[in-house]
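Below, chain A is the first sequence line, B the second, and so on; all start at residue 1. FYI, side chains are in, hydrogens and waters are out, and symmetry mates aren't considered; it's all heavy atoms of this structure.
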Amino acid sequence: MTARVGVITFPGTLDDRDTQRAVRAAGVEAVPLWHRDKDLHQVDAVVLPGGFSYGDYLRAGAISRFSPVMGTVIEQARAGMPVLGICNGFQVLTETHLLPGAMLRNNHLHFICRDQKLRVENATTAWTSDYAQGQEISIPLKNIDGRYVADERTLDMLEAEGRVAFRYLTDGPTADGYGNPNGSLRDIAGITNEAGNVVGLMPHPEHAVEPLIGTGRTDGLGFFTSILKKLVNA
Amino acid sequence: MARVVVDVMLKPEILDPQGQAVQRALPRLGFEGIADVRQGKRFELEVEGPVDDAALARIHEMAETFLANTVIEDFTVRVDEAVRAES
């Protein structure tokens, strides 16, 4: 069986091609999807890639959230289809309320672009099963609206239910010394929904899948091999 | 044509680093005595037809679902009476 993963392009999306490439690197068929097309073309999962859809006008992800394709994505995600939102894609997912909380301007107001260490806090989601619980990975982070916020009750709920999927590694002997990169509450880099099929994070796994470029590591490949296993075993 | 104004502000508990940056710049520019600045968004909507309760209810719905993200922002809706009087 061949798994098919759709990658949506919105006006202003930047990382759709890299994401398609990462999907293929894991041995999965990548299907380009267009924001105005409601049809998901029989894909088994969807990735919302990074970029600046609609120029981040109004709020990052706020306009894309109402695109025709997202109507279908929201419906299918609620029915259990795996969805991964990276960076701007994560912002779109919080705007749809498929994931709780919201993304705001980095606390230091600067665009940030660097390799970022993360700890995988939940290795049971559709997109993280190929990682070990607590595994430390390094993948690129590049954004200005990366500060995750939610009210205390929501944060406590996320922690209690194990729904913080990734945390920025800010202390301990293996931390990179940069600290929290953007003021995200409780160092949250990514979260999952209750069912574990919808995951969003700010850093970019699709930029760390080939040893030749980027970090020189392939720490991001696990997202795409995880979904392959999930779909093939389904 | 009547104008309806929607003001969107970050909730009080949400950190506003842009407002803080503006506040910190003020003394340098010779503007003293401003203890805090919060930055928000203002939308001016030119409404076709009467601004009755039904129209305002629709605008309220628009603000709640689209113009503001109520996870992090509060909004107010008001009719700009000056524009209404002119028209």
- Tell me, for R147(A) versus chain B, whether the close heavy atoms (under 4.5 Å) come from the side chain, the backbone, both or neither.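 The side chain, not the backbone.
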- Given a strict heavy-atom distance threshold of 4.5 Å, which part of H108(A) is in contact with chain B: side chain, backbone, both, or neither?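 Neither part, no heavy atoms under 4.5 Å.
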- Query: Based on non-hydrogen pairs under 4.5 Å, which of G183(A), P100(A), A102(A) is most in contact with chain B?
  - Reply: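 The candidate making the most pairs under 4.5 Å is A102(A).
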- Task: Could you have a look at N106(A), T94(A), L104(A) and say which one has the most heavy-atom pairs with chain B under 4.5 angstrom?
- Result: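 Result: the option with the highest number of such pairs is L104(A).
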For atom [atom1] of [X], is the number of surrounding heavy atoms from other residues, nucleotides or ligands below 6.0 Å larger than 12?
X       : atom1 : value
R38(B)  : CZ    : yes
Y57(A)  : OH    : no
E44(B)  : CD    : yes
R17(A)  : CZ    : no
E161(A) : CD    : yes
K11(B)  : NZ    : yes

- Exercise: identify the closest heavy-atom pair between L67(B) and L58(A):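 Taking every non-hydrogen atom into account, O-CD1, 3.7 Å.
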- Task: Might you point out which heavy atoms bring A21(B) and L109(A) nearest each other, and give the distance in Å?
- Result: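 Shortest heavy-atom contact: CB-CD1, 3.6 Å.
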- Message: Quick check against the 3.5 Å criterion: does R105(A) have a side-chain atom that pairs as donor or acceptor with the backbone of D16(B)?
- Response: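 No.
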Answer with side chain, backbone, both or neither: which region of [X] has an atom nearer than 4.5 Å to a non-hydrogen atom of chain A?
X      : result
F43(B) : side chain
I72(B) : side chain
Q18(B) : both

- Message: How long is the straight-line distance from OG1 of T70(B) back to NE2 of H97(A), given to the nearest 0.5 Å?
- Response: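 Those atoms lie 5.5 Å apart.
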- Item | Approximate separation, where rounding is to 0.5 Å, of R59(A) CZ and F66(B) CZ |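 Taking CZ in R59(A) and CZ in F66(B), the distance rounds to 7.5 Å.
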